[in-house]
There are 2 protein chains.
Amino acid sequence: MGVVTGDGTVGKALSVLDQVAGMGRPVRMRELLETSEFPKPTLYRLLQTLTNQGMLTYDTEAQTYAPGIRLVRLAHVAWSQASLAPIARPHVDALAANLREAVHVAQIDSGQVVFVDKRQASTKFSTLAQAGQVAPAYCTGVGKAILAFLPEEDLEQALLQQAFHRYTPATHTSADTLRAELETIRAEGIAFDREEHAAGIISIAAPILTPARRVVGSISIATATNRHSLEGLKAFRPALTECAHKIGAEAQSWQPPALP
Amino acid sequence: MGVVTGDGTVGKALSVLDQVAGMGRPVRMRELLETSEFPKPTLYRLLQTLTNQGMLTYDTEAQTYAPGIRLVRLAHVAWSQASLAPIARPHVDALAANLREAVHVAQIDSGQVVFVDKRQASTKFSTLAQAGQVAPAYCTGVGKAILAFLPEEDLEQALLQQAFHRYTPATHTSADTLRAELETIRAEGIAFDREEHAAGIISIAAPILTPARRVVGSISIATATNRHSLEGLKAFRPALTECAHKIGAEAQSWQPPALP
DNA sequence: TATTTTGTCTCACTATATGAAACGTCGTTT
DNA sequence: AAACGACGTTTCATATAGTGAGACAAAATA
């Protein structure tokens, strides 16, 4: 698949790393070969390199590759620096305190929503098992809230390489219907997930905008349909947008990859 | 610095990534240049590549680089697969339940201890802010417990590139004194941190060994000197070793980088 | 034992990274 | 205002590292 930016060797290695991580379980080289864009010896060497570097671990017995601990180490720094989580934390605390619903903070990474903070009603702490989880952008409240406020060309870029999978009857299955909804979201400043990703789960989400109106993430309140209706969720809107606004005011301004 | 394995471009890029992450804060190129083994244009291009790949984020305003969210995404998978954490979790739960002290589970990555699970007495959950944290191996209980059971050549490799920093009066400051203590640890099967990393903090640590007696990590109980003496800690030894043993029995067998 | 599947190695070839030096830009000093 | 210096960025001839068809080895399967 032709990446537009077309970076060199490092890009190839990282795409393999992504592929391994994407499998969600230890994999053998053979399995990767089927999906991979690389011929056998190249893939073999890339895997070897990544293993030598500690980005992957290799189980000699099962002959499988899996993401390595070095990533965990790096991620700790990433999470505490590059993510919104530390900035958002106090505000999310305040929001969640008055609430019995789940609160999610997300950022976007190549078409996928990455949750950087997740509060369940029952838990006061975000756990690593939860932070870092991903979901598709096009069928979640947090995802759509971000997409709607992305600059034109970034959005097109994201939509272009988006495969639409139908999770529920309500899931968007084409860029066109999604684009139409994003229009509405942009106008209203608020996004809803109407059981589009999982049946019975709805959410209300607000974008996190910097003072310069760059979208850096989003925050949502999610609940189950047997607890609240969509109309009921709307009651949370003022608190949610206020919280998003406060976070945005503090957020640094990030720049996506600068293309020449 | 001449890495023995001497991997190619990817290795260089990752060493830069490490360097940025190691700074613990957003950094400008200039700062990296001082420490870096690379000349200016090379460093510049590596940073650019990593940024394009989303492994780093670039703040245009401050002109600083910091680890990117993509790492958080990858790390979630790494943590839930490659680390001991999921295996250790139930056993750590059981151990921590009868205890009012902190329990740590760690693995080793290039001379540094990476905590993959950390329970404070007050908290029942390990948070991402904690998992992924690192500490030097040579002056922590968990670190020494791992080092002591490392195969000869791996240990030598680790010691070779270890810089000894004196954190407290009790810190080892040479490979020789450390080696001597590791001998004792290997014989006794248990390690102690005698305020070597932080004044007032002591710990007892046991290695986590697979049935094939490969060390895959370690587990410790840490406390403050005003709560327990070192002698007092020794009372926890049976529970600790039993827990380590149970985890080891379930642990997969990992293979460190295979050098030809 | 023959056969297939999967992983590893070789080597001529090619794409990619390299870094000295030059350049632009911005902020500071004379 | 002109000169200076500190950084970031670009150039380009050269050196290095990655590539992949195919051969080979090892292990699983027939």
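We name chains A, B, ... by the order of the sequence lines, and we start the count at 1 in each one.
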Roughly, in whole Å, what's the span from [atom1] in [X] to [atom2] in [N]?
{"X": "B:Leu46", "N": "D:dG8", "atom1": "CG", "atom2": "C1'", "result": "15 Å"}
{"X": "B:Gln48", "N": "C:dA17", "atom1": "CD", "atom2": "P", "result": "12 Å"}
{"X": "A:Phe38", "N": "C:dT8", "atom1": "CZ", "atom2": "P", "result": "18 Å"}
{"X": "A:Leu47", "N": "D:dG18", "atom1": "CG", "atom2": "C1'", "result": "15 Å"}
{"X": "A:Met29", "N": "C:dT6", "atom1": "CE", "atom2": "P", "result": "10 Å"}
{"X": "B:Arg45", "N": "D:dC12", "atom1": "CZ", "atom2": "P", "result": "14 Å"}
{"X": "B:Leu43", "N": "D:dG8", "atom1": "CG", "atom2": "C1'", "result": "11 Å"}
{"X": "B:Asn52", "N": "C:dA17", "atom1": "CG", "atom2": "P", "result": "12 Å"}

Exercise. Taking 4.0 angstrom as the limit, do A:Glu31 and A:Arg28 come out as a salt bridge?
Worked result: no
Exercise. Ion pair present between B:Lys246 and B:Glu242, side-chain N to carboxylate O less than 4.0 angstrom?
Worked result: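 Counted as a salt bridge, because a side-chain N and a carboxylate O are separated by less than 4.0 Å.
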Side chain of [X], backbone of [Y]: donor and acceptor closer than 3.5 Å?
{"X": "B:Gln53", "Y": "A:Val10", "value": "no"}
{"X": "B:Tyr65", "Y": "B:Leu50", "value": "no"}
{"X": "A:Ser220", "Y": "A:Ala205", "value": "no"}
{"X": "A:Arg186", "Y": "A:Ala148", "value": "yes"}

Exercise. So which one's nearest nucleotide on DNA chain C is more toward 5', B:Pro41 or B:Thr49?
Worked result: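 Upstream on the strand: B:Thr49.
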Name the pairs: protein N/O against N/O of nucleotides 28-30 of chain D, kept only if under 3.5 Å.
none

Problem set entry | Output field: ring centroids A:Tyr167/A:His197 closer than 6.0 Å |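 Under 6.0 Å, so yes.
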Which is true for [X] with a 4.0 Å heavy-atom rule: it touches a base, it touches only sugar-phosphate, or it touches nothing?
{"X": "A:Pro39", "result": "sugar-phosphate"}
{"X": "A:Lys12", "result": "sugar-phosphate"}
{"X": "B:Arg28", "result": "sugar-phosphate"}

Exercise. Which nucleotide in the list C:dT18, D:dG8, D:dT19 gets nearest to the side chain of A:Thr42?
Worked result: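 Per side-chain heavy atoms of A:Thr42, the pick is D:dT19.
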Problem set entry | A:Tyr44 side chain, from C-beta outward: closest of C:dT8, C:dA17, C:dG7 | C:dT8
Exercise. Under 4.0 Å between a side-chain N/O of A:Thr9 and OP1 or OP2 of C:dT16, yes or no?
Worked result: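 No, no such contact exists.
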